[in-house]
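Every value quoted in this text rests on a predicted model; they were computed, and no experiment measured them.
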Amino acid sequence: QVQLVESGGGLVQPGGSLTLSCAASGSIGSIYLMAWHRQALGLQRELVAGIATGGSTDYADAVKGRFTISRDYAKNTVYLQMNNLKPEDTAVYYCNGVISGYNQAGYSDYWGQGTQVTVSS
């Protein structure tokens, strides 16, 4: 069993910064990919940023230059540094991991419970 636990959401003013963290725990074999998605009220969930095992990253156009995803391999933790936040960044942010269990073949998709980010003055 693998769990993803997010932290770091909250209320911030436009132009401010927040850092989200997501720690994977449990019976982990290997992690192929970790990513952040977000879902604003009334909209579909969308990919924000992802980081693969080799360190390659990908970002949604809307956050390029403002958000940075990073990973601590030893702690099985992924971070999302968010700078110059805008009201349109307001959403529930979800951590996602493509992870194989210990002594298990193949990878499965795991999701955290989500953390609210609100950008408002």
Side-chain angles (χ1 to χ4, degrees):
Q1 191 77 351
V2 175
Q3 299 85 35
L4 300 180
V5 178
E6 301 115 332
S7 61
L11 173 65
V12 64
Q13 292 186 342
S17 299
L18 276 177
T19 300
L20 304 182
S21 301
C22 172
S25 63
S27 185
I28 297 172
S30 65
I31 298 175
Y32 173 68
L33 171 75
M34 294 192 79
W36 289 95
H37 299 247
R38 67 186 180 187
Q39 187 167 19
L41 196 62
L43 299 179
Q44 290 188 334
R45 191 174 298 188
E46 61 176 1
L47 174 68
V48 176
I51 183 166
T53 299
S56 61
T57 58
D58 190 27
Y59 295 91
D61 288 342
V63 307
K64 283 181 181 176
R66 300 188 297 123
F67 291 11
T68 302
I69 190 170
S70 61
R71 188 171 150 184
D72 185 327
Y73 292 84
K75 295 181 179 179
N76 287 332
T77 299
V78 65
Y79 305 94
L80 185 68
Q81 173 68 43
M82 305 184 291
N83 298 325
N84 190 21
L85 282 159
K86 304 175 180 180
E88 51 263 42
D89 295 317
T90 296
V92 178
Y93 283 70
Y94 296 91
C95 177
N96 166 233
V98 180
I99 299 169
S100 69
Y102 182 73
N103 268 349
Q104 291 182 351
Y107 290 87
S108 297
D109 224 9
Y110 294 91
W111 292 87
Q113 78 285 357
T115 185
Q116 177 70 46
V117 171
T118 302
V119 185
S120 175
S121 56

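Looking at residues two or more places apart in sequence or on another chain, you find a salt bridge (charged side-chain N to carboxylate O under 4.0 Å, His left out) between Arg66 and Asp89.
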> Taking it one step at a time, do Ile51 and Leu33 satisfy side chain to side chain contact (heavy atoms under 4.5 Å, CB included)?
Replying inline: CA-CA 6 Å; Ile51 183 166; Leu33 171 75; 5.7 Å; no
>> Pair Met82, Val48 - check side chain to side chain contact (heavy atoms under 4.5 Å, CB included), show working.
In response: CA-CA 11 Å; Met82 305 184 291; Val48 176; over 6 Å; no
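Tyr102 OH: 12 or fewer foreign heavy atoms inside a 6.0 Å radius. The local environment of CG in Leu43 is crowded, with over 12 non-hydrogen atoms from other residues, nucleotides or ligands closer than 6.0 Å. Heavy atoms of other residues, nucleotides or ligands lying less than 6.0 angstrom from CD of Gln1 number 12 at most.
Under the 4.5 Å side-chain criterion, counting only non-hydrogen atoms from C-beta, Val98 is not in contact with Ile31. Counting heavy atoms from C-beta on, the side chains of Val78 and Ile69 come closer than 4.5 Å. For the pair Pro14 and Lys86, the minimum side-chain heavy-atom distance is 4.5 Å or more. Contact annotation: the side chain of Leu11 approaches that of Ser120 to within less than 4.5 Å [non-hydrogen atoms, C-beta and beyond]. Residues Cys22 and Trp36 form a side-chain contact, since some pair of their non-hydrogen atoms from C-beta on lies under 4.5 Å apart. Side-chain contact between Gln116 and Tyr93 is absent, with no heavy atoms from C-beta onward closer than 4.5 Å.
Side chains of Ser121 and Gln13: a donor-acceptor N/O pair is absent below 3.5 angstrom, by distance only. Thr118 and Thr90 share no donor-acceptor pair across their side chains, judged by distance under 3.5 Å alone. For the 3.5 Å distance criterion, the side chains of Thr77 and Asp72 fail to qualify, holding no donor opposite an acceptor.
Closest non-hydrogen pair, Leu47 versus Ala60, comes out as O-CB, 3.4 Å. Val117 and Gly9 make their closest contact through CG2-CA, 4.2 Å (heavy atoms, listed as atom of the first residue, atom of the second, distance).
Atom-to-atom distance recorded for Gln113:CD and Cys95:SG is 9.0 Å, nearest 0.5 angstrom. Rounding to the nearest 0.5 angstrom, the gap separating the CZ atom in Phe67 from the CG atom in Leu80 is 6.0 Å. We find the OG-CG distance between Ser25 and Leu4 to be 7.5 Å, quoted to the nearest 0.5 Å. Rounding to the nearest 0.5 Å places OH of Tyr107 at 4.5 Å from OG of Ser100. In this structure, the separation between CD1 on Ile99 and CG on Asn76 is 7.5 Å, given to the nearest 0.5 Å. Atom CZ of Arg38 is separated from atom CD of Glu88 by 8.0 Å, given to the nearest 0.5 angstrom.
Leu20 and Tyr59 fall within a single hydrophobic cluster, where Ile, Leu, Val, Met, Phe, Trp and Tyr are joined by side-chain heavy atoms under 4.5 Å apart, directly or via other members.
Side-chain atoms of Gln81 do not come within 3.5 Å of backbone N or O of Thr68 as any donor-acceptor pair.
Under the 6.0 Å distance and 45° angle rule, Arg45 counts as a cation-pi partner of Tyr94.
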